[in-house]
Amino acid sequence: MISKFIFNNQYLFDELPDSDKELLQGVMQNRNYRKNDAIFTDGTIPSGIFYLKAGKVKKYKVDNEGREQIIYIYNSGEFFGYSAILSNECYGDTTQALENSIISFISKEDFLKLLDTSVVFSRLLLRSLSHEFSVMANLMTVLSQRTVRERVALSLLILHNKYKGSGTVDPVFITLSRADLANMAGTANETLARILHDFKKDQLILMEGRKIQVLNFKMLTQIANFM
């Protein structure tokens, strides 16, 4: 059930035919981003799309009072920034590196050429956009109808999934800052601190400085109330 709150489009690259992968790799321009660097900002005109080769990137919006709401966190292997080009609109959000990252840029011209050339890539993008819309609707429902405690529990479960390495059995540590976690859950830093303290006291999570490890998935799932 947690999957309906998690956006992931790693299959976009993985499911491409080898010939299409070669075309895509041939037009990728690698760029290095330091932690907190902006990749693109809300309201700007898109000049291309992005592929996250290494690192993590947050996607967020800022309301009229300057409060940040994190929408997604992208992992390595994911594309982002393409919906604005497909809709022929400005970017509707801001993306920022959560850690030092390597991001490939694909120009708008090359991206549109690939869409014309690859039927598979076009189909996969439609699938991704549909998934993104569904996840957005589910997250907006959570933000508007759930308690802060429920939202924090759900955010921790989502983040565990995002920070979990593929096939790894090692402990998963969430290293998102407290400010970003509060922005993801839609609450104040002070409220988040109290809830995390309660979760730690109840042995649902382990906190080591900035790092958080989920210990009791069953209980957090019950608190999140999304079953």
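Computed from heavy atoms alone, side chains included, the values below leave out hydrogens, waters and symmetry copies. Given the structure is predicted, the values throughout are model-derived calculations rather than measurements.
- Between E78 and F13, the closest side-chain pair of non-hydrogen atoms is not below 4.5 Å.
- Contact check for L204 versus V214: no side-chain heavy atoms found under the 4.5 Å cut-off.
- Here the side chain of K162 pairs a donor or acceptor atom with the backbone of I73 at under 3.5 angstrom.
- M184 pairs with exactly one of L192, I70, I71 by the side-chain contact (heavy atoms from CB on, under 4.5 Å) rule, that one being I70.
- With respect to the salt-bridge test (charged N to carboxylate O, under 4.0 angstrom), the residues R123 and E15 do not qualify.
- Of the possible donor and acceptor atoms, none in the side chain of S122 sits under 3.5 Å from a partner among the backbone N and O of V120.
- When side chains are defined from C-beta on, L129 counts as touching S83, because their heavy atoms get closer than 4.5 Å.
- Tested against Q96, the residues K35, K58, K59 include a single side-chain hydrogen bond (donor to acceptor under 3.5 Å, both in side chains) partner, K58.
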L181 vs L196, side-chain contact (heavy atoms from CB on, under 4.5 Å): CA-CA, chis, key distance, verdict: CA-CA 11 Å; L181 179 53; L196 290 180; 4.2 Å; yes

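- Atoms OG and NZ, from S47 and K108 in turn, are 9.0 Å apart once rounded to the nearest 0.5 Å.
- Between N32 and I103, every side-chain heavy-atom pair lies at or beyond the 4.5 Å cut-off.
- Under the 3.5 Å distance criterion, the side-chain polar atoms of E68 are left unmatched by any main-chain donor or acceptor of N183.
- Crowding of N88 atom CG: a count of heavy atoms from other residues, nucleotides or ligands under 6.0 Å not exceeding 12.
- For the pair L98/V57, no side-chain contact is recorded, criterion being any heavy-atom separation below 4.5 Å from C-beta on.
- Linking ILVMFWY side-chain heavy atoms closer than 4.5 Å, directly or via other members, places I102 and Y163 in two distinct hydrophobic clusters.
- Side-chain N or O atoms of E150 include one that pairs as donor or acceptor with a backbone N or O of T147 at under 3.5 Å.
- Between I212 and F173 the shortest side-chain heavy-atom distance does not fall below 4.5 Å.
- Of the possible polar contacts, none joining the S130 side chain to the L126 backbone as a donor-acceptor pair under 3.5 Å is found.
- No more than 12 heavy-atom neighbours from other residues, nucleotides or ligands sit within 6.0 angstrom of CZ on F133.
- Contact of the K218 side chain with the N216 side chain is registered, since non-hydrogen atoms from C-beta on lie closer than 4.5 Å.
- Under a 3.5 Å cut-off, the side chain of Y72 and the backbone N or O of E132 do form a donor-acceptor pair.
- Here the side chains of F121 and L16 are in contact, with some heavy-atom distance below 4.5 Å.
- Between F105 atom CZ and I49 atom CD1 the span is 9.0 Å, to the nearest 0.5 Å.
- Side-chain N or O atoms of R149 include none that pairs as donor or acceptor with a backbone N or O of I223 at under 3.5 Å.
- Counting only distance, with no hydrogens or angles, the side chain of R151 and the backbone of R146 share a donor-acceptor pair below 3.5 Å.
- A donor-acceptor pair is defined here as one N or O able to donate and one able to accept, closer than 3.5 Å; such a pair exists between the side chain of Q10 and the backbone of S76.
- No option in F79, F80, Y82 other than Y82 meets the side-chain contact (heavy atoms from CB on, under 4.5 Å) test with S128.
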Residue pair D42, T94: steps toward the side-chain hydrogen bond (donor to acceptor under 3.5 Å, both in side chains) verdict: CA-CA 5 Å; D42 192 353; T94 297; 5.3 Å; no

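- With T191 contributing its side chain and T187 its backbone, the two residues share no donor-acceptor pair below 3.5 Å.
- Within a 6.0 Å radius of NZ in K53, other residues, nucleotides and ligands contribute 12 heavy atoms or fewer.
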ring-ring contact (aromatic ring centres under 6.0 Å, His included) between F50 and Y74, intermediate numbers included: CA-CA 11 Å; F50 303 86; Y74 294 102; over 10 Å; no

